[in-house]
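These notes are about the structure you will find just below.
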Amino acid sequence: MITIALYLTIAMVTLAALLNVYRLIKGPDEPDRVLAIDTLYINAIALIILLGITLSTRMYLESALLIAVMGFVSTVAMAKYLKRGSVIE
Amino acid sequence: MFDRLSFPQPWLSLILFLTWQILSDGVSGGSVVLGVILAWLIPQMTQGFWPERPAFVKTWRMPGYILRVLKDIVAASFSVAWLILSPRTPRPAFVSYPLQLDHPLAISILASTISLTPGTVSADVSDDNKTLLIHVLDATSDQEVIEAIYNSYEKPLMEMFR
Amino acid sequence: MSLPLVVLLPFLGAIAAPLFAQGGRTAIAIASSVPALIALAALFPHWAVLSAGDTVLHTYEWLPALGLSFSFRLDGLALLFALLILVIGLLVIIYSHYYLKAKENVAKFYSLLLCFKGSMLGIVLSGNLLLMLIFWELTSLTSFLLISFWTHKQDARRGARMALAITGGGGLALLAGILLIGNIVGSFELDDVLAASEQIKAHTLYPVALTLVLLGAFTKSAQFPFHFWLPHAMQAPTPISAYLHSATMVKAGIFLMARLYPALAGTEQWFYMVSFTGMATLLLGAYIAMFKHDLKGLLAYSTVSHLGLITLLLGMGTQLAAVAAIFHVINHATFKASLFMAAGIIDHETGTRDMRRINGLWRYMPHTATLAMVAASSMAGVPLLNGFLSKEMFFAESLQLNLPGLWAWVPPIIATLAGIFSVAYSARFVHDVFFNGKPVDLPIFPPHEPPRYMKFPVEILVFACIMVGVFPAVSVGPLLFSAASATLGGDVPDYQLAILHGFNLPLLMSFLAFFGGLLMYTQRRRFFDFHAQLREVDGKAVFEFAVSEIEKLAHRFTEWLENGSLQRYATLLVVSVIAVAAMPLAENGFHIGENGLSPVDWPTGIAAGVLVVSALATAFWHRERFYALVLLSVVGLVVALTFARFSAPDLAMTQLSVEVVTIVLLMLALYYMPSWTPMESSQGRRIRDALIALAAGTGMTLITLAMLTQPFSSISEFFLENSKPGGGGTNVVNVILVDFRGFDTLGEITVLAIAALGIYAMLKNTALTPPPGDGLGHPWTRDHYPLMLRQIARPMLPLALMVSVYIFLRGHNLPGGGFIAGLITSVALILQYIASGMIWTQDRIPFRYHNVIGLGLLFATIAGAGSLAFGYPFLTTTFGYITWPVVGKFEVASALVFDLGVYLAVIGATLLALVSIGRLSPHSAIKSKKESA
Amino acid sequence: MTHWLIAPILIPLLGGILQVFMGYAPISLRRTLAIATTVLILVSAAVLLAIASDGNYRIYAFGNWQPPFGIVLVLDRLAALMLVLTAVLGLFCHIYASGGADEGNRQFHGLFLFQLMGLNIAFLTGDLFNLFVAFEVLLIASYGLLMHGGGTTRTVPGLHYVVLNLAGSALFLISVGMIYSVTGTLNMADLAVKIPQVTGSNLNLVKAGGMMLLVVFGLKAAILPLCFWLPKAYARATAPVAALFAVMTKVGVYAIIRVYPLIFGEGAGELANLGMDWLFPLALVTLSMGVIGALGAGNLKTLVAWQVIISVGTLLAPIALGSVAGLSAALFYLVSTTWTVAALFLVSELVANQRGTAADSIVTAPKMRHRTFLSVLFLIGAVAAAGLPPLSGFFGKLLILQSVEPGAEMAWLWGVLLVGGFLTLIAYSRAGSIVFWWNVDGHLETPEPMNNRVAVSTGILTCLTMLIVVFAGPLSDYTRATAEQLYDNRGYINILQTPMHVPPNTLVGR
Amino acid sequence: MSPFAEYAISALLLFGGAFTLIGAFGLARLPDFYTRLHGPTKATTVGVGAIMLSSVIYFSAIGEGIGISEILITVFLLMTAPVSANMLAKAAMHIGVKAMEGTEGKPWEQ
Amino acid sequence: MELLFALVIGALTASGVYLLLRARTFPVIMGLTLLSYGVNLFLFATGRLATGQQPVIGTAASYSDPLPQALVLTAIVIGFAMTAFLVVLSLRNLADNDNDHVDGQRRKTPPSKQEKEATGK
Ligand code: NA
Ligand code: NA
């Protein structure tokens with residue numbers, strides 16, 4: 001049962017990622033793109049966790065944590081760039 | 001840097017200690033010793049980076065608030081999901097919320113709560129920290145939104161922060 | 001020892017001469033004369049050996065790998081030339097003493113002159129061809145400096161450069177020739193080469209070697225068509241001309257031909273090449289000399305002509321001709337040196353060398369005139385003077401050439417013709433200068449006799465002309481015999497040195513030449529008119545034009561190729577790579593490996609699709625820079641996921657962290673840059689680039705495919721086995737990084753550190769003006785540090801530090817380690833900068849990032865060097881388990897200290913780099929005391 | 001195992017770290033320490049030369065791991081020669097720099113020492129990937145040094161240099177990857193064992209990898225068509241940096257000499273002499289391009305920069321022929337040309353400093369101070385560079401000319417080398433006569449006098465060419481022995497058998 | 001593994017997957033930037049949280065011991081998502097990203 | 001899977017090379033970054049593709065090749081350092097030459113999109 005659920009979940013998350021990419025490319029504005037990649041980061045966390053469950057290993061948990069941290073900083077930096085230009089000033 | 005043999009931010013130290021235990025996957029002698037050391041050392045090193053000390057008054061109310069928010073988050077997700085899936089176009093609005101809180105951390109917590117809860121996202125805090133601009137996904141009326149937020153979140157927060 | 005000494009002495013003198021500069025001109029002149037005197041004394045004792053027909057040989061090993069030795073060899077030929085060099089050299093020194101003006105750099109003059117003398121002696125005394133070549137080229141160099149002694153004169157500089165180019169270039173040809181000969185013979189020792197005559201001439205490369213050697217000789221001796229440098233070298237001070245262009249430099253080519261005569265001469269190639277070149281030079285030089293108005297120009301072309309004569313004699317290939325050649329070398333040296341000196345006196349006293357202005361000097365300087373007239377007569381071949389004797393021999397030899405049919409008439413006719421010209425220009429020299437009315441507009445008027453001893457060298461030489469002319473057998477007989485014998489390899493023909501050999505055909509030719517010459521001189525107007533009609537082909541102009549055209553062409557070609565376009569250079573690189581990588585593929589075809597392909601799971605497939613699409617989209621939309629940046633970070637994210645997917649958690653984490661820092665960095669830069677790239681490349685270029693990119697991509701795809709499908713085994717089994725027992729950690733990747741290949745990691749953090757230091761230095765004094773708003777015209781917001789961001793940044797730092805410690809400590813056993821931990825800390829600090837600004841954050845950081853970097857490198861190095869104390873190599877790690885109460889058993893590993901170094905270096909470097917850029921922003925003009933100290 | 005092997009790496013590393021800490025110390029202290037460090041490097045290099053000259057290989061196994069598993073340093077004659085060559089060069093450049101060129105960047109000495117460290121790693125390492133790391137260390141330091149000092153003209157060439165080298169680094173990684181993906185090893189000795197065993201379709205991969213590696217080394221060495229980044233970058237760097245860079249292209253040449261005879265040598269079966277038939281014509285074309293560039297050069301530094309390219313062509317042509325004599329000749333020439341070119345860079349800058357706005361342009365200008373001194377140095381340098389007797393360049397070329405066997409290759413090599421030499425001579429005589437002789441009237445208002453440090457270091461470096469001539473015999477014996485050692489790769493392969501330390505019994509786990 | 005755990009895990013997985021997908025769907029479908037902001041902030045965060053929870057249960061259930069690091073990540077996401085949303089909204093308002101027709105009260109247009 | 005991986009590397013290389021050949025610093029930097037992603041994946045793949053075999057002793061039945069992973073780690077870090085330097089160098093270029101060309105052109109920086117549109121009207 002878990003296998004099936006896992007399979008379906010992976011499918012849904014992957015599809016979600018594709019939708020994010022769609023929004024990223026479609027835009028139309030730059031905040032849309034940043035929002036899309038921010039969401040993509042979060043989807044990536046889900047994928048990593050799902051990979052861990054699939055492989056029955058917790059080896060990738062820290063990767064997930066790192067995506068969360070890095071995704072956040074990256075989004076914040078991009079957002080700040082969009083309105084301030086200068087990220088560090 | 002290590003001017004005191006104390007815990008300048010006890011709450012932070014506690015959180016750090018717990019975090020360490022969580023990260024270490026289980027409590028052991030080693031992890032406790034190291035956890036205590038880190039819970040002391042890190043706040044000592046970083047206290048300069050947190051100049052505005054959070055002034056909690058009624059700390060015990062915090063868990064209740066968190067649980068409520070968690071519940072609302074799940075609810076919010078369902079409502080947003082519904083809005084996304086329904087063919088109806090939403091009627092969004094920007095609402096200016098007059099803030100009564102003045103502690104920056106409290107404002108921040110409120111704004112975050114608003115963003116995580118049904119149909120609202122905190123879009124902006126005014127420069128004077130007096131107004132919160134909220135984007136409402138499917139607006140009923142401004143006043144309703146403001147009242148709901150005040151009663152659910154700002155009032156409890158005001159009680160906690162002083 | 002004496003032979004090397006003879007060569008060495010002038011060089012020592014050259015070094016010594018400037019030291020005597022304090023003592024004044026006389027001291028220098030005396031100091032410069034001493035080497036020659038000692039050298040003469042050193043040569044004298046060898047005469048006994050030489051007159052017995054033997055050679056003196058002194059050999060010292062130098063570079064056996066090259067076949068090069070310090071081999072000095074004295075025989076008759078060498079002695080003759082050495083004497084010419086030394087004696088005339090001495091005279092030139094005396095002469096120069098009076099010639100040079102007070103303000104001139106006398107020390108430099110003598111120094112160079114002595115260097116030149118030493119080089120010349122080196123040429124003639126070398127017993128090894130390579131050694132000779134070294135001296136040969138040295139004469140080119142020193143003569144270059146001598147000719148251009150008056151560096152302020154443009155003509156002098158040009159003349160010198162041309163002389164260097166021609167003679168130096170000829171030297172390179174000679175080098176090739178000598179190397180060929182050396183290859184054929186198997187030795188460069190002169191004795192071996194001269195003994196291998198048959199072997200050389202029989203070799204298939206003989207014509208090539210001969211041509212190359214002759215090129216060297218002809219250029220040096222100013223043979224047609226390389227003759228043109230010599231007249232232009234006359235820009236040198238006259239003593240130099242007297243020395244270089246009568247007795248030494250130009251005679252080096254003659255010497256070379258004489259030296260190698262036994263080895264190379266006697267073949268048809270030799271005959272045709274040498275004699276025809278000589279003949280052409282003889283005639284051309286004599287002809288042009290006639291029309292030169294410049295006193296030294298006349299002498300120069302006459303020199304060209306006489307060199308041609310000697311060359312022709314050597315080319316004839318008969319033994320007597322060779323003797324005549326040697327004889328004429330002596331005679332030409334004496335009369336030409338004296339003539340040059342006389343010309344120098346005239347120049348010195350009148351201030352000009354233009355024969356159209358110099359007239360009737362007999363009245364003003366009869367002594368000099370007498371000397372010059374005797375020397376000129378010798379040049380013209382007037383009986384009782386030495387020039388006559390060798391010219392007679394030449395005329396006689398020109399009749400002996402065994403040419404078929406009417407061709408047999410050609411050499412004597414040419415010889416006579418040249419004789420006529422020679423008499424004519426000699427007559428012109430005498431008449432035009434010393435008689436022919438009154439001087440015209442002389443810069444110095446009236447001219448006087450020069451100082452008494454300035455004439456002394458001329459007198460000596462003129463005396464020699466007469467002595468040889470009248471008592472040839474007594475004066476030069478033994479020397480000539482010895483030299484001729486050496487030239488001919490011991491086989492000296494019968495010849496007689498007498499004033500007259502009776503009334504014979506050669507005498508008739510002399511007679512013809514003499515009166516023909518005088519006649520020609522009287523009819524000179526017609527000849528001048530005739531000559532004026534000719535379009536003069538000046539070799540110098542051609543040469544200079546050619547050189548300047550070559551330079552211009554080279555410049556244009558270089559500019560065209562090296563056009564400053566990175567696009568071109570990168571294209572060349574990429575295309576080169578594609579070409580070399582495609583070659584093996586083209587040779588052997590493409591094969592998928594034995595393992596074949598494994599099935600694709602669809603989430604991976606979709607991820608790959610996302611990766612491919614976003615990579616291509618980055619390229620496609622690169623002109624929208626921010627958009628491309630977002631796409632780029634998608635690529636980075638999916639790459640990280642790929643690492644995770646294929647069992648590389650450490651890589652996934654590293655990639656993620658690095659990517660974020662990179663993106664932040666790019667955004668920091670983008671702030672100052674145009675946010676949008678205009679369409680610049682033409683469509684053709686874009687298509688071309690796309691095709692190149694496609695080829696590169698296809699190539700990498702094929703390579704990867706071929707690689708992935710091949711079975712594989714590596715040294716990594718060792719790492720997996722030894723990681724825990726040997727390195728004390730279960731995370732093999734980390735153990736490789738800090739232990740098995742810790743040295744790579746040390747290098748890597750050094751790179752990081754250097755990059756940061758370089759960035760800091762590069763931006764130290766850079767000012768950039770940021771645009772007032774984004775590319776779409778929105779001004780920047782004034783809200784620098786949003787409240788929510790600031791609030792979340794506060795707890796983020798301690799939490800991130802906690803996570804860093806965690807990631808750091810577990811790295812040895814589980815994915816993580818110093819590098820990733822360092823990046824987490826860095827990113828947390830970067831967040832502080834973003835949220836609260838430079839000044840705020842910097843104020844709370846109590847250390848300089850430079851020191852953090854230094855500390856990191858130091859920790860890593862010390863951790864590595866610790867093992868040295870125990871006699872183990874650098875970076876040998878150690879670890880152990882310690883059990884403490886409460887804490888329990890835990891591991892202590894020296895590798896952890898190393899990793900701590902990595903951690904610190906990463907933090908220091910990352911932040912120093914980012915902060916350096918951030919500091920550019922006008923808002924963060926940090927001028928705290930720390931910085932300005 | 002002798003710890004001397006690590007000395008040329010540790011000394012600059014520690015010296016460099018010290019400089020990082022001392023960024024704000026007085027400049028005289030920084031200079032003193034930095035030069036002391038360079039002297040120590042030279043001492044250690046000299047010791048290693050003495051050690052290596054017995055012809056045995058010595059290895060230094062980092063972490064005490066048996067090769068091929070750990071990284072090893074390998075000392076042989078070639079490595080020792082390169083170390084000494086570089087240390088001598090480094091010392092004089094450093095002294096020159098301390099005459100004032102090091103001002104304006106507090107990290108100059110650090111970068112300089114790190115650069116030397118990278119070079120020394122490159123010369124000593126016996127590991128292909130570590131060679132990559134060494135390249136990166138020396139490259140990043142060189143980027144920093146290149147941008148050192150004021151002036152805006154070096155930015156664009158610097159950018160080109162960096163971008164192309166980054167692309168080159170990517171290529172290096174791909175090549176190493178391709179070779180590893182077949183052989184499963186990175187140790188050069190182990191590669192020499194494994195490469196000949198490669199068969200089948202793996203041959204393609206290794207062949208392509210090997211060829212791509214040659215492109216990488218060719219890019220560093222600046223072989224045509226990959227040489228155009230060099231002239232402007234070198235010509236616009238400050239003199240001590242450009243002079244130090246004289247050895248940078250030689251690193252590319254070194255890598256070719258190190259890697260190809262060893263792992264793609266005669267014994268490499270189907271992969272024997274990989275790429276060498278391409279290298280020969282390319283080397284000659286490079287030489288010709290260098291000569292053309294030199295002829296067209298508008299200033300002294302550009303002229304010297306093209307001389308660097310001439311040197312590379314001259315070096316690689318005999319190397320490509322694959323004979324002991326050729327390699328030996330090339331090594332001899334390498335020593336000579338590196339120092340000569342470096343000296344010429346220094347002289348050019350001293351000239352530029354004396355001529356006001358004319359700087360080192362080959363145009364007329366007012367008379368400079370120290371004209372005699374500088375013109376003598378330039379003359380010596382030019383004679384050595386053009387390969388005229390009696391200086392060392394001539395002997396190098398002579399050895400090269402003699403090393404080639406009769407045949408078409410001989411004709412080409414001789415032709416190009418001799419004609420090239422002739423044209424170079426013309427270029428130098430033109431440049432020298434205009435710059436040093438062709439003076440317009442008057443003097444510059446305030447020509448700065450030279451200080452002793454720059455004068456002495458330039459003078460000595462220039463005169464090293466004479467030292468080479470004096471010691472031509474021993475040097476050519478050494479290079480010959482080096483070439484023999486390189487073409488017989490059995491000794492190198494044997495380092496795999498070197499026993500490691502016995503594990504200690506103390507607290508250590510192994 | 002107990003069937004209860006299996007049910008819980010599967011349910012949480014599916015719940016999480018569904019919400020992640022819905023969040024993304026919202027991002028793709030909703031008419032303007034400001035409305036799109038709601039999907040990721042809430043649905044996706046919750047979805048990923050559910051998946052995290054399932055992971056916690058899964059690894060406890062298969063006997064790897066109780067590890068709740070996933071919770072840490074979830075908390076982190078909950079803390080940061082509003083800030084990201086806030087920053088992006090500020091950026092969008094600053095740039096003047098247009099809100100859909102009918103949106104009431106656009107303060108930056110005043 | 002191998003083909004897929006090969007195509008990914010091919011796409012990264014192609015995009016990277018195309019951008020490397022552009023005329024301005026920024027695209028060139030992005031090109032090099034893409035190229036280095038491709039190279040890192042390639043170097044990683046020299047140890048072949050493995051699923052669930054992370055080279056941590058005791059966590060899997062068999063292990064993927066750890067050496068390429070270590071090499072890639074080194075390569076990533078070095079690549080980061082180099083990219084950072086290049087980014088700053090391009091800034092320096094902008095400051096010194098007032099434009100961001102690398103194609104030997106010496107034009108000023110182009111007008112922004114907005115300005116261009118404004119003048120176009
Ligand atoms: Na006259
Ligand atoms: Na911008």
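Proteins come first, then strands; the chains are lettered A, B, ... in the order of their sequence lines, and each starts at number 1.
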Between [X] and chain C, with a heavy-atom cut-off of 4.5 Å, which part of the residue counts as in contact: side chain, backbone, both or neither?
X: F:L3; answer: both
X: F:F44; answer: side chain
X: F:T25; answer: side chain
X: F:L89; answer: both

Relative to chain F, which segment of [X] carries a heavy atom at a distance below 4.5 Å: side chain, backbone, both, or neither?
X: C:Q710; answer: both
X: C:V574; answer: side chain
X: C:T571; answer: both
X: C:R645; answer: both
X: C:R568; answer: neither
X: C:I715; answer: side chain
X: C:A648; answer: both
X: C:N563; answer: backbone
X: C:F719; answer: side chain
X: C:L616; answer: both
X: C:N813; answer: backbone
X: C:I749; answer: neither

Residue selection (most heavy-atom pairs with chain C, distance under 4.5 Å) from [options]:
options: F:L41, F:L20, F:T83; answer: F:L41
options: F:L71, F:T46, F:T59; answer: F:T46
options: F:R22, F:M82, F:Q54; answer: F:R22
options: F:G47, F:G58, F:A95; answer: F:A95

Please find the pair of heavy atoms, one from [X] and one from [Y], that lie closest to each other, and give the distance.
X: F:R92; Y: C:T766; value: CD-OG1, 3.5 Å
X: F:L91; Y: C:L920; value: CD1-CD1, 4.0 Å
X: F:A45; Y: C:L708; value: O-CD2, 3.4 Å
X: F:I9; Y: C:M700; value: CG2-CE, 3.9 Å
X: F:A11; Y: C:A615; value: O-CB, 4.4 Å
X: F:V87; Y: C:A669; value: CG1-CB, 3.4 Å

Select, from [options], the one with the greatest count of heavy-atom pairs under 4.5 Å involving chain F.
options: C:S716, C:A756, C:G747; answer: C:S716
options: C:L763, C:V638, C:L720; answer: C:L720
options: C:G729, C:A696, C:A755, C:S598; answer: C:S598
options: C:D650, C:T910, C:L823, C:L752; answer: C:L752

Donor-acceptor contact below 3.5 Å, side chain F:Q69 vs main chain C:S647: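 Yes, the answer is positive, given that a donor and an acceptor are paired below the 3.5 Å cut-off.
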
Within the 4.5 Å heavy-atom criterion, are [X] and [Y] side-chain neighbours or not?
X: C:S916; Y: F:V88; answer: no
X: F:L67; Y: C:S714; answer: no
X: C:L611; Y: F:Y37; answer: no
X: F:H101; Y: C:L566; answer: no
X: C:E659; Y: F:F80; answer: no
X: F:V8; Y: C:T642; answer: no
X: C:F819; Y: F:V77; answer: yes
X: F:R48; Y: C:P711; answer: no

For the [atom1] atom of [X] and the [atom2] atom of [Y], what is their distance to the nearest 0.5 Å?
X: F:S90; Y: C:M673; atom1: OG; atom2: CE; result: 3.0 Å
X: C:L694; Y: F:T13; atom1: CG; atom2: OG1; result: 11.5 Å
X: F:L4; Y: C:T704; atom1: CG; atom2: OG1; result: 12.0 Å
X: C:L666; Y: F:T33; atom1: CG; atom2: OG1; result: 6.0 Å
X: F:I57; Y: C:T730; atom1: CD1; atom2: OG1; result: 7.0 Å

If we count only N and O atoms by modelled type, under 3.5 Å, do the side chains of F:T74 and C:D744 hold a donor and an acceptor together?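 Distance-only check fails for F:T74 and C:D744.
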
Assess the side chains of C:T709 and F:E2: does a donor N or O sit below 3.5 Å from an acceptor N or O?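 Their side chains do not contain a donor-acceptor pair, so the 3.5 Å distance test is not met.
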
Aromatic ring centroids of F:F5 and C:F646 under 6.0 Å?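 Yes, close enough.
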
Run the numbers on C:L651 and F:L73 for side chain to side chain contact (heavy atoms under 4.5 Å, CB included), then give the verdict. CA-CA 6 Å; C:L651 279 183; F:L73 248 158; 3.8 Å; yes

Test side chain to side chain contact (heavy atoms under 4.5 Å, CB included) on F:D65 and C:F712; report intermediate values, then the result. CA-CA 10 Å; F:D65 191 340; C:F712 176 61; 3.3 Å; yes

Go through F:F42 and C:I703 one step at a time and tell me if the side chain to side chain contact (heavy atoms under 4.5 Å, CB included) criterion holds. CA-CA 9 Å; F:F42 176 81; C:I703 288 170; 3.7 Å; yes

Assess whether side chain to side chain contact (heavy atoms under 4.5 Å, CB included) is satisfied between F:M1 and C:D601, documenting all intermediate values. CA-CA 8 Å; F:M1 200 66 94; C:D601 66 272; 3.0 Å; yes

